[in-house]
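Some notes on the structure that comes next.
Note that ligands are numbered from 1 as they come in the structure, with each ligand's atoms numbered from 1 the same way.
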Amino acid sequence: MNAINRLTAVISLASLLPLSALAAETGTVEVLHWWTSGGEAKAVETLKEQVKKDGFVWKDNAVAGGGGAAAMTVLKTRAISGNPPAAAQIKGPDIQDWGALGLLTDLDDVAKANNWDALLPAKVADIMKYDGNYVAVPVNIHRVNWLWINPQVFQKAGAKVPTTLDEFFVAADQLKAAGFVPLAHGGQPWQDSTVFEDLVLSILGPKGYHAAFVELDEKTLTSDKMVEVFTTLKRVGTYMDANRAGRDWNIAAAEVINGKAGMQIMGDWAKSEWTAAGKVAGKDYECVPFPGTQGSFAYNIDSLAMFKLKKEEDIKAQADLAKIALEPAFQTVFNQNKGSLPVRQDMDMSAFDACTQKSAVDFKDAEKGDGLQPSMAHNMATTLAVQGAIFDVVTNFLNNPSADPTKATAQLVSAIKSAK
Ligand code: BGC
C-alpha cells in the first residue's frame, strides 16, 4: 500500500467510528499528585497506563515532596488563577473545603453506574462526598502506625522485634551499640509528626488520640499523658541520626533497606520502596504495628478530587479516570505497588503480601471498636491550618534539645487555638 492509499484507508476507517469516539480519543486528564519516589512512581504508572489504554491523554503534574505540602501550594495557585487540574490528590476534611468553594464536579453518574456506595465502607464514602454527592474517588487505604525493620540488621545487633515502647528502646540501644543507625528518619515536619502521632496512639490509646486530634480537646492536649508523649518523642529523637534535616522519607527507607539503619517509623507507602527494591515482606523485612498500637489503625486514604472542567472530551477523560480508580484490576496492581490496602471491600487478598494481608485483618478488627482513627499527620483528622500548627510545635520541639515537654503541650493548645 502506498502512502496515499494508506492515508485514504485511515480516513475511511475514521469515518466509520462514531463522532463521540473520535472526540473521546483527544480527551486529556491532568492529574496533580505527589507520588514521586521510585515505588510511588511505579504505582502511578499503572493508572497512567490504564487511562492511555482507554484512549485518553494523561497529563502528569507530579509535585515532589512527601506528605504533599508542596503539591497543595501548587494546587492553590492553580485554583486561584482559574486553572485547576482535572484531578488532584486531596484528602479527608480538605475535600469539604474545596467542595465549599464550588470548584469540584459531581461524580454521581460514575458512582451510580459503578456501584460505589456498595463497594466502599460507609465511612470512606462519606469523606468522598460533598453535600451528598461524590466529588472524589478513593484509591487506597494506607496505615500510618507501622514500624519497618531490617531483620538482618536486628540479628547482627542481637535485637528483638519490639512490641512495646520499652522494648523499642532496648532494641534501639542494641542497634546503636552494634554501630547501626537505630532509627532512619527524615527531618521534615510531616515526618516528625508521623512519629508524634504514633506516640500519641501508643501512649493515649485510640480514644485519647481521637480526643487530641479530632476533638482537639484542651484537657487531653495538656494532660500528663501528652507530656509523656513529648518526653518520649525527645528520647526517640536521640536514636535518629544528626544529619536528618530535610531528608526525604524514601531516602530514610533506603537506609533501612541497605542495612545502614535498623528501623523506620513510617506509613505503609514505605513498603513501596521495599517492593521496588525487589525485597519480600516477612523475609527481607518485617512490618509490625508501631509499639503499643496493636489493635489500632491510623488510616490515611488517598483520593483524587475532581474539578469542574469545560471541554466535553476532557470531562469524558476525567470520568474514565474516576471509573478506573475503583476497578478491581487497578486496585490490585496499584496497591501492590503502593503498599496500601485496596479501598474496595470485595477484593481477593491472596494476591497481596504478608504486610498488606495483616493490614487487612487489622483494619477489620479496628473497625469493630475505637481502633480505627484518622491520621493527623496525613490530613485525615483535621484542617490543614490546625495540622500546620501541630507540625510547627512538634518540629520545633524535636529540634531543640532543651525544649520542655510541659511547655510544649501549652504551646500545642495555643497554636491550635490560633489556627482554628
Ligand atoms: C500520602 C501517600 C504518600 C506519602 C508520602 C502521604 O500523605 O497519603 O500516598 O505516599 O504521603 O509522600
- Message: Does K176 qualify as a cation-pi partner of Y239, given the criterion of NZ or CZ under 6.0 Å from the six-membered ring centre and within 45 degrees of its axis?
- Response: yes
- Between R247 and W249, is NZ or CZ placed under 6.0 angstrom from the six-membered ring centre and within 45° of the ring axis? no
- Query: Is there a donor in the side chain of Q191 and an acceptor in the side chain of Q188, or the other way round, less than 3.5 Å apart?
  - Reply: yes
Within [range] or reaching into it, pairs that qualify as side chain to side chain donor-acceptor pair (under 3.5 Å) - sequence neighbours excluded:
range: residues 284-297; answer: N145-T293
range: residues 67-88; answer: E30-R78
range: residues 117-138; answer: D108-N133, D117-K129, D117-Y134

- Message: I'd like the contact residues of ligand 1, where contact means a heavy atom below 4.0 Å.
- Response: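 For ligand 1, the contacting residues are W34, W35, E40, G66, G67, Q89, K91, H142, W249, W269, N300, D302, K338, H378.
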